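In this text the structure is predicted, and so the values were computed from the model without any measurement.
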Amino acid sequence: MMYPWGDERRYNSYSGYFRRIFGSRVQKLSVNVGFTCPNRDGTVGLGGCTFCRNDAFTPSYCSSTKSVQQQLQEGIEFHRNRYRSAERYIAYFQSFSNTYASLDVLKQLYASVFDNPEVIGVIVGTRPDCMDEEKLDFFAELSRHHYVSIEYGIESCYDTTLKAINRGHDYACAAHAVKMTAERGLHVGAHFILGLPGETSIMLFDQIERINALPLTTLKFHQLQIFRDTPMAELYAKSPDQFHFWTCEEYIDFVIDLVERLRPDVVLERFASETPPRFQAGPTWGMIRNEQLWNRFERRLLERDTYQGKFFDQI
């Protein structure tokens, strides 16, 4: 069966999305340029989000002590050995808030990426409250000649949750940033955490309706993970009954329940994350790798004879 996104996979895959755009495999290269966040430096708060530990998901070759070009070249060498089919690369500015600087600084930074001819685009991870019209106009201009995607950490559509995790902005701020970005023709992504304290399954099903209403290109879901030396780890140690953790099998089935209701044109970039055990302070799924998670996900879609957007028109 051919699905609306143009292939036989039962979900709108990230690899398929890039193949439709570029005609071949494209590999992301994580870059760390040492930015911080406004809820770390006191602008809107201190201490950061209660769940956040950036080094838990930053590749080993990424260090803000290295130049952007050094990180890109080391990333290319790493991925050439691991993924020999990659032909072109996209720089992924992942750590912290990568628009939290002056426009002049951002222009110099993002223009420098393309000094490497193998890099054809950028993905800019940031917060909704670190974006404005002038910055978006710059990224729109950059996108005339390069692939540009802005990826917003939203985490939840519920303001009570955002306040509890010390996010420092509300959902209206996130929705506004996404809409401003899409209006300029930029690719726009969003990241949500599933399993935050206080959020029920019913709330997460209702959240899908809000996600469907956003003009998103790509979407990431991650299961909640408790990282050592974070405020959330302290909360978990004191009040574990506030948390709900799925087994891997339960989580995959739950995500599929959500994906059945997800708009078909939204690209499902991730549905779970993997983190080295040394960072973990809560229940884990062991040493299962991202590729294995995707294999289980696709197998379960087949077993259930279901697909992304199956019930989209019914919600």
For [X] and [Y], does a side-chain donor sit closer than 3.5 Å to a side-chain acceptor?
| X | Y | result |
| --- | --- | --- |
| S112 | Q69 | no |
| R25 | S15 | no |
| H191 | E151 | no |
| H222 | R270 | yes |
| Q225 | Q280 | yes |
| Y89 | N116 | no |

[X] with [Y]: basic N within carboxylate O range, under 4.0 Å:
| X | Y | answer |
| --- | --- | --- |
| R261 | E209 | no |
| R9 | D7 | no |
| E141 | R184 | no |

- Task: Begin with the C-alpha distance, continue with both residues' side-chain angles, and end with the deciding distance and a verdict on ring-ring contact (aromatic ring centres under 6.0 Å, His included) for Y236 and F243.
- Result: CA-CA 7 Å; Y236 176 64; F243 294 79; 5.3 Å; yes

Is the gap between the ring centers of [X] and [Y] under 6.0 Å?
| X | Y | result |
| --- | --- | --- |
| F254 | F271 | no |
| Y110 | F93 | yes |
| W294 | Y11 | yes |

- Item | Test: R210 cationic atom under 6.0 Å from Y158 six-membered ring centre, within 45° of axis |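 Satisfied, under 6.0 Å and within 45°.
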
- Could you check whether the rings of Y17 and Y14 sit parallel, tilted or perpendicular, using 30° and 60° as the cut-offs?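 Correct class here is parallel.
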
- F22 and Y147 aromatic ring geometry - parallel, tilted or perpendicular at 30°/60° bounds: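 Ring orientation, 0 to 90° scale: perpendicular.
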
- Query: Taking it one step at a time, do F51 and T230 satisfy side chain to side chain contact (heavy atoms under 4.5 Å, CB included)?
  - Reply: CA-CA 6 Å; F51 59 82; T230 62; over 6 Å; no

